[in-house]
Amino acid sequence: MGDSNQSSRLTWEGCSVLLDINDGERLVFARLSPAATLKIGKKNCSLQPIVGCPFGSSFRVEDGKDGPYLSLVVATEGGNIQDEENVTCEELKDNRALVDNNTAQSLTGDDIDEMRRQGVTGDQIVEALIANSTTFEKKTSFSQEKYRLRKQKKYAPRVLVRRPFVRSICDAYFRKYPDRIGCLRSDSLALLLSMANVAAYSDVLVVDMVGGIVTGAVAERLGGTGYVCNMHLGVTPHSMEIVRIFNFSNDICKRIVRCCLNDLCPGQNGSHAQIQNMESESVNQLDVMEGGISVKENRTTVDASNKTAKRDPTTNKAIKAGEVASEELIGLWKERGFSSLIVAAPDLDVWSIMQKLLPHLAYSAPFAIYHQYLQPLAECMHNLQREKIAIGLQISEPWLREYQVLPSRTHPRMQMSAFGGYILSGTVICTSESDVQ
Amino acid sequence: MIPADPSGRLSLLRRIQEGDLVIVYERHDHMKAVKVINGSVLQNRFGVFKHSDWIGKKFGSKVFSHKKGFVYLLAPTPELWTLVLSHRTQILYIADISFLVMYLEIVPGCVVLESGTGSGSLTTSLARAVAPMGHVHTFDFHEQRAASAREDFEKTGVNKLVTVGVRDIQGEGFPDELIGQADAVFLDLPQPWLAIPSAGKMLKADGILCSFSPCIEQVQRSCETLELKFTDIRTFEILLRTYEIKEVRAEVGEGDDGFSLRSPPRKKRQHSTEKGSAVEASGATTVMAKPCSETRGHTGYLTFARLKCL
């Protein structure tokens, strides 16, 4: 794959990045256009220093004479090992002498502003705050570490540059805008991909009414082979805004297509052109909408991505993901059937969709349906069993828990997501009489 | 199992041929992998099945034995393979596998290292994720186990995507020729901390490591070693809860209770039977779901870490 962006280890102008601010405190998707900026606290920084850096680079906000800017942090080997050693050998302190009367810190807000004007770095301010805290020395080393981290986040925020892959995209949406992805948690999405056997060269049918996260996830797994066909049952195609956040190469984008259910049904060829027209209109309308959303999400300056598109000749050649499937492709699918199916359509009736879509799958094709509610899946499972059109049926629900792992302080996280959705999975069987004998 | 080109995909036009691997499905908890050989037979509690009857059928077909018992013939997938493979070791299951493949950001073209190979349950899913142009290098220090894994990969057809090496990764580390080659490394070892320094050398900048350990003490020690060269160290546990469903008919105003729920007559448990039910027309029925009462309570902790960008 010649121009596979996914293999690039460096950022480039116009690429989409995930910015992790203060170790997961805030996650922001941004496009590295010349005009793009990031607002951290009250400061607005240009994203230009990030262009050309390796993914995984860390930046710190510094105050320069032209205002705040992002400065590359050179990481050192080692980490907090020494601190940890100290932790284990002491610990006779506790918090009995701490009184919360707001007099512990002798530096005032004005003092800090003055330090900033003089160009004192954020890390130095944190050190000054510690030196001027009358209670810091009395704290346990655990709370000293917590204090340092809290001040560092405020006075010396860090920005980590990540490649947007499906997990980080899904996690960021799940935290910020869960409704836009139908509250689909990344571990549920991972299960959908496995259960539907998404593999190279497969033609995966998806009903994605969760912003395009499923379509993007499938396309990422196909890596420019096979097809992901985002099907809509009515005339209006579903939004695929999230697909843009992946840095998909042209090879991958052209494997993402749209199709209307009617076009797959026999004898519906005539209406294809007409629907296609209607679709392209609504696709345009969608673009306008997407532009609006992405601006809000990126918190970058207005229309940052549109500007690059005009300036940068390479982006003009870019193939848009989600073109209407060609008649030739549709013909192939009618003949061969899709190799698997994923449904994530919170607003549609599961059983009706399955009745309409299952005939378009190859026999032995696996399918996986996501839903936030159990009942529609239970009923669908019952009907599939009764009609004997699928086997290996199972409703499952993932349970995911993260752990804090620290010397002598390992335990599950205090906060966790209680629910990641239900999945009904199964395999289509051959029902035609001639094959059964 | 994993198509090597567009013609290998599952299709309505494809027929079962001599030499194909099929998954013989009796029940959701009773399946078997069989290589189709003309002249061979499969014998189970439903009778004797001739392979010659299967050739030319579509995948997904129902086939009958001499006494009219039947099974389904399914196209193999890594998920089905995980359910039928012979356990030479404790294996990884779908929830852990799906989660770690996504977390490790494995996409087509990636180079992935794995140790140990074990029964090859995860390896098959890794192969699917890197296909068609990536590669999985998997190592096990047990010579016979490695050989059996190799045979299995040959059988499932993932052998072009997977190289099995016999090597003690804890003792010797990964081979030098793989330094800086790996997009992701997966460790399932009793003392993963011994292999972590070597895994760090194998990874490309910003590459990700995952270590699977059943015990928290192993996790604790691994995390201490990871601190040196890795960042974003996070530990998870993932489990799957499955549900069983049942159709019941609500009867109002009958019996002493005035209200009761009853299963429709002549009905076996939904979840374990293929035989559909003839639901009586009288009385409204409801489908109810509840979690299955027995489940796996623990598999292992998954610890992820990303190589620091120096």
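Every chain is numbered from 1, with letters handed out A, B, ... down the list of sequences.
- Within 6.0 Å of the NZ atom in B:K201, the count of heavy atoms belonging to other residues, nucleotides or ligands does not exceed 12.
- In this structure, chain B has heavy atoms under 4.5 Å from both the backbone and the side chain of A:S186.
- In this structure, the separation between CG on B:L104 and CZ on A:R167 is 9.5 Å, given to the nearest 0.5 Å.
- For the pair A:T225 and B:P132, the minimum side-chain heavy-atom distance is below 4.5 Å.
- Closest approach of A:S194 and B:S98 over heavy atoms only: OG-OG, 2.8 Å.
- When heavy atoms are compared at a cutoff of 4.5 Å, B:E79 approaches chain A solely by way of its side chain, counted from C-beta outward.
- Note: A:S396 OG to B:L239 CG = 12.5 Å, rounded to the nearest 0.5 Å.
- Under the 4.5 Å side-chain criterion, counting only non-hydrogen atoms from C-beta, B:E217 is not in contact with A:T410.
- Once rounded to the nearest 0.5 Å, the distance linking CG of A:L406 with CD of B:Q220 reads 8.0 Å.
- Taking chain A as the reference chain and counting heavy-atom pairs below 4.5 Å, the highest number among B:C110, B:S125, B:A205, B:S7 is found for B:A205.
- Of the atoms belonging to B:Y301, it is side-chain heavy atoms, and not backbone ones, that fall under 4.5 Å from chain A.
- When atom types are taken as modelled, the side chain of B:Y25 and the backbone of A:G392 share a donor-acceptor pair closer than 3.5 angstrom.
- Highest contact tally toward chain A, considering only B:L73, B:L83, B:T77, B:T303, is held by B:T77 [criterion: heavy-atom pairs under 4.5 Å].
- A:D203 has a carboxylate O that lies under 4.0 Å from a charged side-chain N of B:R9, or vice versa, which qualifies the two as a salt bridge.
- At a 4.5 Å heavy-atom cutoff, A:I423 makes no contact with chain B through either its backbone or its side chain.
- Of the atoms belonging to B:I216, it is side-chain heavy atoms, and not backbone ones, that fall under 4.5 Å from chain A.
- B:D232 touches chain A through its side chain: at least one heavy atom from C-beta onward sits under 4.5 Å away, while N, CA, C and O do not.
- Counting non-hydrogen atoms of neighbouring residues, nucleotides and ligands closer than 6.0 angstrom, the CD atom of A:E328 reaches no more than 12 such neighbours.
- Note on A:V166, A:L377, A:L191: by heavy-atom pairs under 4.5 Å with chain B, the leading option is A:L191.
- Smallest separation of non-hydrogen atoms from A:V405 and B:C223: CG1-SG, 3.7 Å.
- With chain B as the partner, the residue from A:D171, A:D20, A:D187 showing the most heavy-atom pairs under 4.5 Å is A:D187.
- Interface remark: B:L302 contributes no atoms to any contact with chain A (heavy atom separation under 4.5 Å).
- In terms of heavy-atom proximity, B:F59 sits nearest to A:Y363 at O-CB, 3.0 Å.
- Residue B:K160 places its NZ atom among 12 or fewer non-hydrogen atoms of other residues, nucleotides or ligands, all under 6.0 Å distant.
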Worksheet item: Hey, mind stepping through A:N197 and B:R128 against side-chain contact (heavy atoms from CB on, under 4.5 Å) and telling me if it holds?
Response: CA-CA 9 Å; A:N197 189 28; B:R128 172 176 62 192; 2.7 Å; yes
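- Heavy-atom neighbours of A:F419 CZ from other residues, nucleotides or ligands within 6.0 Å: above the threshold of 12.
- Of the residues considered (B:I238, B:L12, B:V63), B:L12 shows the highest number of contacts with chain A, using heavy-atom pairs under 4.5 Å.
- Atom CE of A:M416 and atom CZ of B:F236 lie 11.5 Å apart (nearest 0.5 Å).
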Practice prompt. Evaluate the criterion side-chain contact (heavy atoms from CB on, under 4.5 Å) for residue pair A:M195 and B:I94; output intermediate values, then yes/no.
Written response: CA-CA 8 Å; A:M195 287 166 165; B:I94 186 167; 3.7 Å; yes
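- Between the side chain of A:Q375 and the backbone N or O of B:A289 there is no donor-acceptor pair closer than 3.5 Å.
- Closest approach of B:L10 and A:S339 over heavy atoms only: CD2-O, 3.9 Å.
- Not one N or O on the side chain of B:T235 forms a donor-acceptor pair closer than 3.5 Å with the backbone of A:Y403.
- Using a 4.5 Å cut-off on side-chain heavy atoms (C-beta onward), A:R162 and B:D206 make contact.
- Put simply, of B:V130, B:V219, B:D5, B:V101, the one with the most heavy-atom pairs under 4.5 Å next to chain A is B:D5.
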Item to complete: Would you sort out whether A:L393 and B:I245 count as a side-chain contact (heavy atoms from CB on, under 4.5 Å), showing the intermediate values?
Response: CA-CA 11 Å; A:L393 292 166; B:I245 62 163; over 6 Å; no
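- Distance check: A:I391 CD1 to B:Y72 OH gives 6.0 Å after rounding to the nearest 0.5 Å.
- For the pair B:E237 (side chain) and A:E402 (backbone), a donor-acceptor distance under 3.5 Å is absent.
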Practice prompt. Could you please spell out the steps behind the side-chain contact (heavy atoms from CB on, under 4.5 Å) verdict for B:R241 and A:W399?
Written response: CA-CA 7 Å; B:R241 171 180 253 186; A:W399 180 88; 6.0 Å; no
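- By the 6.0 Å contact criterion, CZ on A:R336 is enclosed, its count of non-hydrogen atoms from other residues, nucleotides or ligands being greater than 12.
- No part of B:R221 comes within reach of chain A, as not one of its non-hydrogen atoms sits under 4.5 angstrom from that chain.
- In this structure, CE in B:M102 is found 10.0 Å from OG in A:S168, a value given to the nearest 0.5 Å.
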